[in-house]
Amino acid sequence: MLVDMLSMLLLFTVLQSSDDKAELVRLEEVWNTAHLERDASTLERLWADEFTVTVPRMPVMPRAEAVGVARSNRIKFSKYETSEVAVQIFGNAAVVRGRMRRTRSRGDQLVEDDWRFTKVYVKREGSWKVVAFHASDSPSDQ
C-alpha cells in the first residue's frame, strides 16, 4: 500500500513537472512575441512585482523601469529568437536558460544582440512569473 502511494506520488510529480516544463517553454514564446509586437501588457503579466533586468550595456532595471521602457515604444524589435532553451524546475521555482538573438532599433540606430540568458521564474497561485532576467554577451565563437 505504501509503495503504491509512493509510486502514485512520484508519477504525479513527474506529470506536474512535465506540464510545468511545457508551460515555461510556452512562456518563452510569449515573452519573445510580446517583445516583437510591443505588447507591454503581456510583459507586465509575465513579470513578478520584484522583477529585475540585468543586461549588457544598460543599468539594472527594476520592474517599474522595465514597464516604462516597454510602454514607451522607444525600442522596436525586428527579430527576437531564443534557442538552446533548457528548463530546470525546483518546486515552485524554475530556471530557464538559453541563447537569445535579437535585432532592435532605437531611432536610427540598429543593434544586434547575441546573448546567453537566464530567467528565474516563481509559481504563485498557479501561474509562473519571471522574477529575474539576466543576459550576457554570447562568446563570438558559438
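These numbers were taken from a predicted model, which means no experiment stands behind them.
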Side-chain heavy-atom pair Asp137, Asp114 within 4.5 angstrom cut-off: no

Please check if Ile75 and Val67 belong to a single hydrophobic cluster, counting links between Ile, Leu, Val, Met, Phe, Trp and Tyr side chain heavy atoms closer than 4.5 Å. yes

Side chain to side chain, Asn32 and Thr82, heavy atoms closer than 4.5 Å: yes

ILVMFWY cluster, Val60 and Val131 together (side-chain gap under 4.5 Å): no

So how far is it from Tyr121 OH to Lys129 NZ, rounded to the nearest 0.5 Å? 11.0 Å

In this structure, are over 12 heavy atoms from other groups packed under 6.0 Å from Lys79 atom NZ? yes

Would you check if the side chain of Arg102 reaches a backbone N or O of Asp113 as a donor-acceptor pair within less than 3.5 Å? no

Is any NZ, NE, NH1 or NH2 atom of the basic residue among Glu112 and Arg104 found under 4.0 Å from an Asp or Glu carboxylate oxygen of the other? no

Working to the nearest 0.5 Å, report the span between CZ of Arg26 and CG of Asp20. 12.0 Å

Dump the intermediate steps for side chain to side chain contact (heavy atoms under 4.5 Å, CB included) on Thr42 and Val30, then the final yes or no. CA-CA 8 Å; Thr42 294; Val30 170; 3.5 Å; yes

Side-chain contact, heavy-atom cut-off 4.5 Å: Glu28 with Val25? no

Inter-residue atom distance Arg99.CZ - Phe117.CZ, 0.5 Å rounding: 11.5 Å

Quick one: OG1 on Thr103 to CG on Leu110, what's the gap to the nearest 0.5 Å? 6.0 Å

Once rounded to the nearest 0.5 Å, what's the spacing between atom CD1 of Ile89 and atom CG of Asp19? 9.5 Å

Roughly how far, to the nearest 0.5 Å, is CE of Met100 from OG of Ser138? 11.5 Å

Residues at least two apart in sequence or cross-chain that pass salt bridge (Lys or Arg N to Asp or Glu O under 4.0 Å) with Arg71, listed by chain then number, are Glu44

Over 60° means perpendicular and under 30° means parallel, so classify the ring planes of Tyr80 and Phe77, tilted if in between. perpendicular

Linked, directly or transitively: Leu43 and Trp115 (ILVMFWY side chains, under 4.5 Å): yes

Contacts of Arg63 that satisfy salt bridge (Lys or Arg N to Asp or Glu O under 4.0 Å) - sequence neighbours left out: none

Does Met58 share a hydrophobic cluster with Trp47, counting links as ILVMFWY side-chain heavy atoms below 4.5 Å and allowing steps through other members? yes

Tightest non-hydrogen contact, residues Pro56 and Ala135, listed as CD-O, 3.3 Å

Do Val95 and Val130 sit in the same hydrophobic cluster, where Ile, Leu, Val, Met, Phe, Trp and Tyr count as joined when their side-chain heavy atoms come under 4.5 Å apart? no

Side-chain contact test, heavy atoms from C-beta onward, threshold under 4.5 Å: evaluate it for Trp128 versus Lys119 and give yes or no. no

How far apart are the C-alpha atoms of Phe133 and Trp31, what are their side-chain angles, what is the distance that settles it, and do they pass the ring-ring contact (aromatic ring centres under 6.0 Å, His included) test? CA-CA 11 Å; Phe133 171 61; Trp31 172 287; 5.1 Å; yes

Within the 4.5 Å heavy-atom criterion, are Val69 and Arg74 side-chain neighbours or not? yes

